[in-house]
Amino acid sequence: MQGVRLALEYMLVSIVIINYNTFQLTCDCIASVIAYTKEVDYEIILVDNASTKDDPDDFLVKFPSINLVKSKENGGFAKGNNLGISHAKGDLILLLNSDTYLTEDCISKAAYKYQEIAHLGALSVKVVYPDGRYQNMARRFRSIRNELLDIMRPLLLLLPYRQRAILMLNQYFKGDFSTGCDWVSGAFMMMPKDMIGKLEGGRLDERFFMYGEDHLWCYQFTELGYTNYYYADALVYHIANASTEPAKQLKLLKTMMKHELEIMAYRKGKGAYYILFKWIFSAKEYFRYYVKVMMWKLLKHKMR
């Protein structure tokens, strides 16, 4: 890593972490950043989104070097990150979920790519569950073509893996090689601070309280002429517990679909393309949801 140290000597990474009632997870995240980030200068900006369970000042007892920013409201993911970014001094901004933890110096590795790739916008790394399963970080923008290809999944399986992965990314990609992509997940999202300043209002779009922001932001970065990137040779663990209850899954699905359709309207307008996309996308997503519900009920019945 000596070469990385020399290349990053004068670079500062501002790491923005949002906390909302996740005191211990957030502490574990911060501790791992401090333990493993060695080859780049950094600052940690912790935004407490008006937590109701713990006193945010307790973070300063454990980590006196962090910059604690206390929000007066829980404004959601985008608003909380913008608040943190407004306090940032770094050349690069890293949005890092509070339920992630590091086991290597992935932040320095990611920062080095900005020395290597011109016009690099948002970057994410290989993110896995604690058991090692890959999480889908690299994705394509939705389109009618991609929705139809996804519906005809058996035909895609006839393609060689790498060709299929590059074409579709997302669930067709194992995360085993680095590649340019349309958008990356906000669980670990690095970006140049000066790029954010070029967005409307000089800040990340806050139209969504939660879910879909990363997709929207990455599209807006491409509008500015930047390329988004997935970097496979740096690793982060993401706990990402999700409910298996059908009612909660349906509520989440509806929120995510609403935001996806808003993004499509932003990209394409609400003409014929949007109407056809909405019909295909909605039918596909609801069909898959109800198949999952039937499987969930069947398995639950068999376990009794």
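Keep in mind it's a predicted model, so treat the numbers as computed, not measured.
Remark: the backbone N or O of Asp99 is not paired with any side-chain donor or acceptor of Asn97 at under 3.5 angstrom. The closest donor-acceptor contact from the side chain of Ser185 to the backbone of Met137 lies at 3.5 Å or more, if one exists at all. Panel note: side chain Ser178, backbone Ala232; a donor-acceptor pair is recorded below 3.5 Å. Judged purely by atom type and a 3.5 angstrom limit, Glu39 has no side-chain atom pairing as donor or acceptor with the backbone of Asp105. Looking at Ser71, its side chain does come within 3.5 Å of a backbone N or O of Glu73 through a donor-acceptor pair.
Partner Asn19 forms a side chain to side chain donor-acceptor pair (under 3.5 Å) with one of Asn49, Thr26, Asp54 and no other, that one being Thr26. Among Tyr101, Phe188, Tyr134, Tyr129, the single residue meeting the ring pair (Phe, Tyr, Trp, His ring centres under 6.0 Å) criterion with Tyr237 is Tyr101. Applying the side chain to side chain donor-acceptor pair (under 3.5 Å) test between His215 and each of Arg142, Glu260, Arg139 identifies Glu260 as the sole match.
Considering all non-hydrogen atoms of both residues, Asp91 and Met11 come closest at OD2-CA, 3.4 Å. Taking each heavy atom of Phe77 and Gly186 in turn, the nearest pair found is CZ-O, 3.8 Å. Scanning all heavy atoms of the two residues, the minimum distance from Ala138 to Leu169 falls at O-CB, 3.4 Å. In plain terms, the two heavy atoms of Met195 and Leu224 that are nearest each other are O-CD1, 3.9 Å. The two residues Ser282 and Leu261 have their closest heavy-atom pair at OG-CD1, 4.4 Å. Nearest heavy-atom pair, Lys38 versus Ala35, reported as atom, atom and distance to 0.1 Å: CE-O, 2.9 Å.
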Q | Stepwise side-chain contact (heavy atoms from CB on, under 4.5 Å) test for His87 and Leu83 | A | CA-CA 7 Å; His87 291 263; Leu83 179 58; 4.3 Å; yes
(Q) Please evaluate residues Tyr286 and Leu253 with respect to the criterion side-chain contact (heavy atoms from CB on, under 4.5 Å), reporting the C-alpha separation (whole Å), side-chain torsions for both, the decisive distance (0.1 Å), and the verdict. (A) CA-CA 9 Å; Tyr286 278 122; Leu253 175 65; 4.2 Å; yes
**Q.** Full working for salt bridge (charged side-chain N to carboxylate O under 4.0 Å, His left out) between Glu262 and Arg207
**A.** CA-CA 10 Å; Glu262 286 186 42; Arg207 73 183 69 190; 5.5 Å; no
Q: Could you walk me through whether Cys106 and Tyr36 pass side-chain contact (heavy atoms from CB on, under 4.5 Å), step by step?
A: CA-CA 8 Å; Cys106 60; Tyr36 289 99; over 6 Å; no
Q) Could you go step by step and tell me if Ile107 and Met190 meet the side-chain contact (heavy atoms from CB on, under 4.5 Å) rule? A) CA-CA 9 Å; Ile107 294 175; Met190 186 174 282; 4.1 Å; yes
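In Glu116, the CD atom is crowded: over 12 heavy atoms of neighbouring residues, nucleotides or ligands sit closer than 6.0 Å. Counting heavy atoms of neighbouring residues, nucleotides and ligands inside a 6.0 Å radius, atom NZ of Lys278 does not exceed 12 of them.
For Tyr230 and Phe177, the gap between ring centers reaches or exceeds 6.0 Å. Aromatic rings from Tyr211 and His259 are positioned such that their centres are separated by 6.0 Å or more.
You'll find the side chain of Arg267 stays beyond 4.5 Å of the side chain of Tyr274, heavy atoms only. Proximity of Leu204 to Met191: side-chain heavy atoms (C-beta onward) are separated by under 4.5 Å at one or more points. Two residues are said to be in side-chain contact when any heavy atoms from C-beta on lie closer than 4.5 Å; Gln220 and Tyr266 meet this criterion. Side-chain contact between Met189 and Glu213 is absent, with no heavy atoms from C-beta onward closer than 4.5 Å. Residues Asp150 and Lys284 meet the side-chain proximity criterion, which asks for heavy atoms closer than 4.5 Å. Between Asp182 and Tyr219 the shortest side-chain heavy-atom distance does not fall below 4.5 Å. Residues Cys218 and Val184 meet the side-chain proximity criterion, which asks for heavy atoms closer than 4.5 Å. Counting only heavy atoms from C-beta outward, the side chains of Leu95 and Asp214 never approach each other to under 4.5 Å.
Rounded to the nearest 0.5 angstrom, Phe59 CZ and Lys70 NZ are separated by 11.5 Å. With rounding to the nearest 0.5 Å, the separation of CE in Met168 from CZ in Arg153 is 8.0 Å. Atom OH of Tyr273 and atom CD1 of Ile144 lie 4.5 Å apart (nearest 0.5 Å). A distance of 10.0 Å separates CG in Leu94 from CD1 in Ile44, rounded to the nearest 0.5 Å. Going from atom CG of Leu123 over to atom CG of Leu92 covers 9.5 Å, rounded to the nearest 0.5 Å. For the atom pair SG (Cys29) and CG (Leu46), the distance works out to 9.0 Å, reported to the nearest 0.5 Å.
For Phe277, the ring-ring contact (aromatic ring centres under 6.0 Å, His included) partners two or more places apart in sequence, or in a different chain, are Phe281. For Arg164, the side chain to side chain contact (heavy atoms under 4.5 Å, CB included) partners at least two apart in sequence or on another chain are Leu156, Leu157, Leu159, Tyr161, Tyr172.
Criterion: ILVMFWY side-chain heavy atoms under 4.5 Å apart, direct or through other members. Under it, Val236 and Val33 are part of a common hydrophobic cluster. Criterion: ILVMFWY side-chain heavy atoms under 4.5 Å apart, direct or through other members. Under it, Val16 and Tyr42 are not part of a common hydrophobic cluster. In the hydrophobic cluster analysis, where Ile, Leu, Val, Met, Phe, Trp and Tyr join through side-chain heavy atoms closer than 4.5 angstrom, Trp183 is grouped apart from Leu120. Connection of Val47 to Phe209 is not established within any shared hydrophobic cluster, with ILVMFWY side chains joined at heavy-atom distances below 4.5 Å, either directly or through further cluster members. Taking hydrophobic clusters as Ile, Leu, Val, Met, Phe, Trp and Tyr residues chained together by side-chain heavy-atom distances below 4.5 Å, Ile18 does not share a cluster with Ile30.
A donor-acceptor pair shorter than 3.5 Å cannot be found between the side chains of Thr222 and Asn228. Using a 3.5 Å distance cut-off with no hydrogens or angles, the side chains of Asn67 and Glu43 do not pair a donor with an acceptor.
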